[in-house]
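A quick write-up on the structure given underneath.
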Protein chains: 2
Amino acid sequence: MSGQDNVRPETARRVLAAVDELGYRVHAAAASLASGRSRVLGVVVMSTDRYSSAALGVGIEQAAAANGYTVTTASVSDHASGDAFLEAFDRLEQQGAEGIILGVPVELDTPAMRVRTARTPAIRSERASLEDDAPLAVDQRAIARLAVEHLLDLGHTTVWHVAGDDYWIETEHRREAWEQALLARGLTPPPVIPADWTPESGYRAGRTIAAIPSATAVFVSSDEMAFGLIRALHEAGRSVPDDISVVSVDDIALAAYASPALTTVRQPFESLGRAAALRVIAKIEGHDAVGEIPETQPTLVIRSSTAPPRPAG
Amino acid sequence: MSGQDNVRPETARRVLAAVDELGYRVHAAAASLASGRSRVLGVVVMSTDRYSSAALGVGIEQAAAANGYTVTTASVSDHASGDAFLEAFDRLEQQGAEGIILGVPVELDTPAMRVRTARTPAIRSERASLEDDAPLAVDQRAIARLAVEHLLDLGHTTVWHVAGDDYWIETEHRREAWEQALLARGLTPPPVIPADWTPESGYRAGRTIAAIPSATAVFVSSDEMAFGLIRALHEAGRSVPDDISVVSVDDIALAAYASPALTTVRQPFESLGRAAALRVIAKIEGHDAVGEIPETQPTLVIRSSTAPPRPAG
DNA sequence: TTGTATGCGTTATCAC
DNA sequence: GTGATAACGCATACAA
């Protein structure tokens, strides 16, 4: 049954026949107890239905299943504190998880976290893994660069930025890269407009932008916020992309059906989830080769929310 | 440790102290083997990032955690066949799941499924459970009724219907109820326009509708499709809601930020997930009272995509 | 190539 | 109120 080859064919046949007849299946708990291996992957996510978590989960599940692992999930509430992460981690460990994927912004470099990752391998899904720095994360800086440069190349003289929730590391990375991309062209970055990923916050940011006559280009940190932002812009009588160009991030299914269709930087979440799973599995099993590394590069998808600035005058 | 009360306080204190000092935690697999109980709930979902699955999962996880259960997921590919469901079910059982929640359109009433549900309790998340008919499902017929009646009350003389994927039972229920609601007012239902939940299919349906001059009201089976549909309508020069009113289903976060903001029938997915989890747990533990039953009624959210028909002439 | 002990970390039962 | 002991169903190592 376990795929050994030192068995006489006839014997194997008889065993399999019996298995079939009796409907025998290994008892996972017993197997786990005896072997010391559970083949369970744990995933910690925020209890939200945000697109990124869902897409990530799909990828993780796929890769896990392909390698004979099952995944069990522990949700923490939105904006949970570090303690909640630790508890989730413990719950998962206690459940027997052999490796854990953190889909939340945990600081890995704390004493409490270090004890844990020492005994059971863990990685942050949106970041490079602990020791090695293979390209496991979607490069958040590349996202910002792609967005800003597209806008600048179109002829805009500066780019405003509506940031995501400060709680997430991506937010910081994108802000930095946005700033640097501007600086690199000798431009002075305008103040960041804070938001929190929700369409509502995008709407508020849109009202702010609408009140700035000189603004002609915006880099918004998510498609969902872009929907809110564009709505606010339209209500204020500013047209997109004629008056203001906007590029956002994610490329959710609805991005192509916004009005106008969103120019956005696509993040390969599913692929990233697969990479994350492959990586923990490799750590668990102690080999560093993970087979093929799934693609994790962001790509710019140009649609109709960006255009050259209106000629002055 | 297990909360017995026939222990001298002093002894209990010493035990707990030792637990603390040694960092002892029960080994889940060993406990499961010895007790015959795993406290694991299995969930079968399609490997999509559709809003409904994600929201459902959140609810399930919550209720499970609150009752000391953990959840493990088995994804099947989109549009999987019945066999894939059976396999997923088996995987979960084999993993030790004591109860299973089916987030997919499985036919429960087949021999193969009956053997399985006989040994481990299972329920469909969007339907009433097997034997009892407690209000576990979101009433899909009520959804259609709400939508159609809102439109009719506004003064429209008929309502077109863009249906979801036939693969899902909801689709059938909504179509029936849409038909009946029309019939109840002495109206003849126009032909159904088929689609498959995606914004793309909504777009195609929109082109179809745009070509029907007499159409003034549409009931679309999801918000995502509504985005596509409205886009097509606008491209064809038909205004929403002036020329055509549309009401959709789900009330996703972006619904309020569509142009125009979507009038839609909200489904309480998270709450439904909680209800589903509570229900399997009750089955597992053999009590029928599940505590408070979460709300599972759909509600109409009126926004700007519906209006009275334009006065004739 | 096949059969057989031993132990994995609990729970549950029963004697004390 | 407390301590000892037999399963639980498998994997593993080793004897045959």
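In the text below, chain A, chain B and the rest are named by the order of the sequence lines, each starting its count at 1. Since we're looking at a predicted model, the values are computed, not measured.
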Of all the choices, [options], which nucleotide is nearest to the side chain of [X] once you look at every atom?
X: B:His27; options: D:dC8, D:dC10, C:dT10; answer: C:dT10
X: B:Arg8; options: D:dG9, D:dG1, C:dT10; answer: D:dG1
X: A:Ala31; options: D:dT12, D:dC10, C:dT10; answer: D:dC10
X: A:Ala34; options: D:dG9, C:dA12, C:dT10; answer: D:dG9
X: B:Ser35; options: D:dG9, C:dA12, D:dC10; answer: C:dA12

How many Å lie between [atom1] on [X] and [atom2] on [N], as a whole number?
X: A:Tyr24; N: D:dA11; atom1: OH; atom2: C1'; value: 10 Å
X: B:Leu33; N: D:dA6; atom1: CG; atom2: P; value: 17 Å
X: A:Arg13; N: C:dT2; atom1: CZ; atom2: P; value: 13 Å
X: B:Gln94; N: D:dG9; atom1: CD; atom2: C1'; value: 12 Å
X: A:Arg37; N: C:dG9; atom1: CZ; atom2: C1'; value: 18 Å
X: B:Gln95; N: D:dG9; atom1: CD; atom2: P; value: 17 Å
X: A:Arg39; N: D:dC10; atom1: CZ; atom2: P; value: 17 Å

Salt bridge present between A:Glu93 and A:Arg119 (N-O < 4.0 angstrom):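 Yes, A:Glu93 and A:Arg119 are salt-bridged.
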So, are A:Glu98 and A:Arg39 salt-bridged, with charged N and O less than 4.0 Å apart?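 No, A:Glu98 and A:Arg39 are not salt-bridged.
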Pick out which of B:Gln267, B:His173, B:Glu172, B:Glu170 makes a side chain to side chain donor-acceptor pair (under 3.5 Å) with B:Gln140.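 Exactly one candidate clears the test, B:Gln267.
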Which part of the nucleic acid does A:Ser32 contact within heavy-atom distance under 4.0 Å: base, sugar-phosphate only, or nothing?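 It contacts nothing in the nucleic acid.
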Nearest nucleotide by nearest heavy atom, which residue falls closer to the 5' end of DNA chain D, A:Ala29 or B:Thr11?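 Result of the comparison: B:Thr11.
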Could you tell me if B:Asp83 and B:Ser81 have a donor-acceptor pair between their side chains, going purely by distance under 3.5 Å?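 Note: B:Ser81 and B:Asp83 side chains miss the donor-acceptor criterion.
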Check: A:Ile252 main-chain N/O paired with A:Asp223 side-chain donor or acceptor under 3.5 Å: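 Side chain of A:Asp223 to backbone of A:Ile252: a pair is present.
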